[in-house]
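Right, one structure below, let's go through it.
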Amino acid sequence: MTTTYPGVDEASPGSRTPLLSVRDLRVTFGRRGQTGFRAVDGVSFDISPGEVIGLVGESGSGKSVTSMAIMGLLPTRGVRVEGEALYDGRNLLDLSQRELCRVRGSQLAMVFQDPMSSLNPVVTVGTQVTEVLHAHQKLSRADAKAEAIDLLRRCGIPDPGRRFGEYPHQLSGGMRQRALIATALACKPKLLICDEPTTALDVTIQAQVLELLAELVSSLGTAMVMITHDLGVVAGLCDRVNVMYAGRIVEQAPRRELFAHPRHRYTEGLLNSIPRLDGDRDEPLHPIPGTPRDTIGWEKACAFAPRCRHATDECLRPDLELRQLAPHHDVRCVHPAGAASSGATGGASAAGRSPEPPKERS
Amino acid sequence: MTDNLLEAAGLMVHYPIRSGMVVNRTIGHVKAVDGVDLAVPRGSTYGLVGESGCGKSTLGRALLRLEDITAGTVTFQGRDITKLRGEELRKLRRHAQMVFQDPMASLDPRQSVQSMLTEPLRVHGLAESDRAEFGKNSAKAHAAKAASMLELVGLPRSALGKYPHEFSGGQRQRIGIARAMILNPELVIADEPVSALDVSVQAQVLNLLSDLQDRFGLTYVVVAHDLAVVRHISDTIGVMYLGRMVEEAPADDLYREPLHPYTTSLLSAIPVPDPVVEDARERVLLDGDLPSPANPPSGCRFHTRCPWRRDELCATEDPPLREIAPGRRVACHWAETIAAGRIEPHAAAVVPAKDAEGAGGSATAAD
Amino acid sequence: MTQLPQDAAGVTPTERPPALAAAMAGGVETDEGGTSLWTAALKRLVRNPSAIVGAVIVAAFLIVALLAPVLAPYRPSTTEWANQVTPSRLPAFSPQHPLGLDPFGSDLLTQLIYGARQSLIIGVVSTVLGLLGGALLGILAGAFGGWVDTLVMRLVDILLSIPSLLLAVSVAAIVGRRPESLMIAIAAAQVPVFARLLRGSMLKQRGQDYVLAATSLGLRRRSVVMGHVFPNSLGPVIVQATLILATAIIEVAALSYLGMGSPDPTVAEWGRMLVKAQERLESYPHLTILPGLCIAVTALGFTLLGEALREALDPKTRK
Amino acid sequence: MLRFVVRRLLLLVPVLVGLSVLLFAWLRALPGDPARALLGDKATPEAIARLNAQYGFDQPLIVQFFTYVGQLAQGNFGASARTGEPVLQTFLDRFPATVELALVALLFAIVVGVPLGYFAAKRAGGVLDLFAVGSSLLGVVIPVFVLAYLLKIVFAIGLPGLEFLAILPSSGRQDVRMFATHITDFYILDGLMTREFDAAWDAFKHLILPGLALGSIPLASITRMTRASVLEVLNEDYIRTANAKGLSQTLITWRHVMKNAMLPVITTIGLLTGQLLSGAVLTESVFAFNGIGSYLFEAISTLDYAVLQGFILFIAIVFALVNLIVDLLYGVFDPRMRVQ
């Protein structure tokens, strides 16, 4: 009943030296003396040069905190960051403020969710692009301006010469996100982290921005981490996908493999609970019960167990490990989907629907 | 057309733009809703979709007379309610209710759930149909009804004593739904009922809405930006753009064969959580941004961004919403011609599929 | 009434294995709760050290003010020791008068204790009057809207452009030199502040979704305003009232300095004591410093409490 | 831009009309008949009769009102009951002194308050924060005239044993032996313009103590406003963006944090005008500083209502003008507020 796809576009991740290697990243919030809240709980993943990976999860899954920790953007007080983020032989988490400044913006760059609030309202768009050029490259004022205007044009901003001197409030949401992408890509970074870059935008604008991102990273050879709650965004864009739940990665797989054979019960549940544009309307939705708040700590059991239809007492294992179930497909689950032991999967596997491309007229 | 619970004709909601420091003058209007006709049959669900600024939420509120109507009529239960005022308008609320987008903002933060749920009962009294079960109007009967309503939406009785900030988003939305349903209304207008919720929780609320509809024979108008959500829950879908209805179709037909260029672009912009579909489909990208609703383009409002734009008519003539097949209405001069494939979109707007030959083709074809 | 299918009910998956259920009992949301926003704010308040300091000062002030007849060694404003005071000499501290005498021959400790009472009366009365006046104007403007709103708010703007001290002086000039004129003057100066605050707060609440929700439920307009808009607008007003208690105490001193106080020179009032002692500042600094300290500490107490309240009630600090 | 200014000035008209209605009502509400209230107890019957004729206090109320407004419109704010001098003239003569004092106070408050507020916010919850918040509270809870007295005793008159601290003049605007030339009546400016630098220095020394005392009022507001505003800006998304770009901390502080955080502080400064002027009434009297504040202080103590009435009108106009300037300044700093 399920279909397999030949892994043509799924280059094995281990074949090259990774650009960034995150190892056992933990982020704990809380004041001294109190038991803190662990937002990220031992996250590990690799990104190869030029690769696009997805980090998918709901609010509170720790996906944004992971990216902020890698970029050193978390506040220093009340937050403890442990683990490693190896980039170019150095652990980013150990860098001094000065060293961090040299890497950020030039080697690693970031695009944020809300283009309305992520640009400084009292500084011109142009300055916000040129300042990153000035910070990392020796450029004359005129050269930086020319470069910035060129960047804005390449990011699809019409009339970039005029926009250069304008303020963020004079630009639409989509334009602001393009300007932010321009600043992020100004120094041709090796890695671009996008934290929900299109969530605040309308769908038609989202399509434009995603298209732009895909085009830019492939032409620049930049690797990209796409952080999102939208499985649809990931499906069209990422080479590999990491699904996060309650601060841990619960499933890691190449994109086609993941969507064709979701193994973790959470991933499976997510796919079954979202209405699909191309799905059968009479097919009922199968929601995941409960809310992301209903969780047990990973140190006691599978954090998803309280919401899982397949949970048994066996799920009460402390610090469940990621297991490899198929090549490049790791799952942190006692009763993964598709395994022989669990017959009753609630009826709706991914193949239950008939994916049908929209009618094309040509 | 026999039994429409709700109808609107030529509905307009214009907000004045005021300016001036000493004396405020009206210098223009934001035409949030600018001439919309629709009919919602009893017991059905009508979905309104569009991007931000298209006027769908304003339309939803105007249908309940929560906005000042500039022109046009709204007919509910066969009665023109456009001009209702005071007491009569208040009495109407028993039959027509609303579910809001942001469950945190739409619940009074200082009100307990109990007080929140019984408040409409204190105002309007128990619905006739509930008298048998809960008895005469009394604080006790109201509390009993509130508790049973809460159970119906899947919250424990203990929630009655709690306050909105003590719940998760999904639970709050359940409370909002319970409050809207407690008077046994006939019509419920839901404005973005799931967009503020986590993905895994959205389906719970959508299912709850469907179950309640089946149980009480409710009529819904669901306003949302997420076409997949609207398509799942609606029988008929109206697509809005800049204050106008540009297309109206049965939910299944709309995806299978969109007639308006805007609908086509919108559909192609929505990502589908399936790499096979994603890689195989061709995209139509729209130019630029939404024009200002204060100063909409001449002719067809969509012509400034339309990939199928023609030199004739589009910029000059305002296309009416016309029925070109049973149940299918569209406001495009060239709808038939485009459907017949005789007009092609501008090449620049089309992003070819990643898998031109359709790598997943064999797999999908198997189903 | 039967329950809906478990999908919709959602919260509890059908059957949960026993051990798992037991493990969850600790971690998953429990049924306790029912804390209103006020209770939650109070909880935040008691965790804030500056709120504690403020509350302790305010409590001490209240106790002294309310129990003045019990605590004070003598009756206030008695000048029975006036014969011991000469223009150049005040008797030193003695067991009978632990803080000595004031220039009018009253016991200084007694005067200070009764001064607290006086400050409390002036502060509370003027704040309550100012609040009532401001609420009246604010609700008038908010309820009628249109030109009434414009007129009232323009008036408030004008009054706000006059420094409160001068406003108080002007009102005191009308009322004349009576014991209650200070309260009326200070209250009058607070009216525009409260009016602007309450109207702004109500306007902000009126735009909230829950007000639209209340309207859509068919509530009468009056119920919407009094039941929903008004209670939710009170936060900033409560904060302001606390802060104004501090201002009132200081303003009394300033008005006394301007010669606007009570006509009786011996009355036990901190501001007045401070002013009257200033000519002897070089020789008897304690006469100035003690009432000054009383004013500063009390004002500090109310200010700390007010600022902490502002933080506790601020929606941004809510989780 | 010009249209904006003209519009704002036009907006002053209803304010002034409203204010004159209020002032007229106030005059009528004063105990006793208005002529006597304005002229004081020692007025001669002839003077009262003359004023009654001038303002038409024997006419119907509405006529009285228009006569009153007519007098105001001609710039006749009345004359002091004590000295008989026209109120407006006295204000204009003494205003530069108060402006000079207020500017010094404000300058002190900004120079100290802004950095204090900034560092308090940067280390929120730390020792410096506690100090900043604490000292800013002192400015709120100590009556300004008490602070003025304390400063005067310590730094001008001298406490026993601490006389060496008393190095500043205790009163006045300038040493009477200076015989300085006065052009603008801003003494420091005059001294600089006439190259009488010792005169300028002396005027400045006279301003230090009153400036510190008066400055304690805006210092408190500015410190707290800066702290709150910086705290808020530090949490803004664009600061995170700036950090993610790898900009230097100096650049982030100036271009991204301060440029935004100063906006509400500018508004606060405009709103402080009223407080500064009423503080000046108290401070100037302590230091016998010859500005409008000490003039008003005398007027209040002697119940000279004509002066009070004129002062209120004067202050309302000054307040409106200062806030107009602040709004224009705001446009310079905030592009969103810029008038097209």
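Predicted model, so just to flag it, every value in this text is computed and none were measured.
Annotation: maximal heavy-atom pairing with chain C below 4.5 Å, among A320(D), G279(D), P143(D), A316(D), occurs at P143(D). Contact count against chain D (heavy-atom pairs under 4.5 Å) is highest for S170(C) among S170(C), S50(C), A299(C), A253(C). Note: A29(D) leads A29(D), G18(D), S301(D) in heavy-atom pairs under 4.5 Å with chain C. With chain C as partner, the option from I312(D), L282(D), L308(D), I315(D) having the largest number of non-hydrogen pairs under 4.5 angstrom is L282(D).
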Requested in this report: Please step through side-chain contact (heavy atoms from CB on, under 4.5 Å) for the pair I142(D) and I295(C), ending with a clear verdict.
Outcome: CA-CA 7 Å; I142(D) 298 182; I295(C) 292 175; over 6 Å; no
**Report entry** Test log, rule side-chain contact (heavy atoms from CB on, under 4.5 Å), inputs V140(D) and T247(C)
**Finding:** CA-CA 8 Å; V140(D) 178; T247(C) 319; over 6 Å; no
Requested in this report: May I have the step-by-step check of side-chain contact (heavy atoms from CB on, under 4.5 Å) for L166(C) and L277(D), ending in yes or no?
Outcome: CA-CA 10 Å; L166(C) 290 190; L277(D) 287 175; over 6 Å; no
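For the pair A173(C) and Y305(D), the tightest heavy-atom approach, listed with the atom from each and the gap, is CB-CE2, 3.3 Å.
Each of T298(C), L304(C), L300(C) was evaluated against V141(D); a single residue qualifies, L300(C), per the side chain to side chain contact (heavy atoms under 4.5 Å, CB included) test. Considering L274(C), L293(C), I289(C) in turn, L274(C) is the only one that fulfils the side chain to side chain contact (heavy atoms under 4.5 Å, CB included) rule with V146(D). I158(C) pairs in a side chain to side chain contact (heavy atoms under 4.5 Å, CB included) with only one of the listed residues (L16(D), V17(D), L19(D)), which is L19(D).
Note that OG1 of T288(C) and CG of L150(D) are 8.0 Å apart. Values are rounded to the nearest 0.5 Å. Once rounded to the nearest 0.5 Å, the distance linking CD1 of I162(C) with OG of S278(D) reads 11.5 Å. Here the straight-line distance linking atom CG of L258(C) with atom CD1 of I300(D) works out to 5.0 Å at 0.5 Å rounding.
Of the atoms belonging to A246(C), not a single heavy atom falls under 4.5 Å from chain D. Residue L276(D) does not touch chain C at all, counting heavy-atom pairs closer than 4.5 Å. Of the atoms belonging to V133(D), not a single heavy atom falls under 4.5 Å from chain C. Contacts between E251(C) and chain D at a heavy-atom distance below 4.5 Å are absent for every atom of the residue. In this structure, chain C has a heavy atom under 4.5 Å from the side chain of L22(D), while its backbone stays farther away. L167(C) does not touch chain D: none of its heavy atoms, backbone or side chain, sits under 4.5 Å away.
Aromatic ring orientation, Y257(C) versus F145(D): parallel (interplanar angle below 30°, classes split at 30° and 60°).
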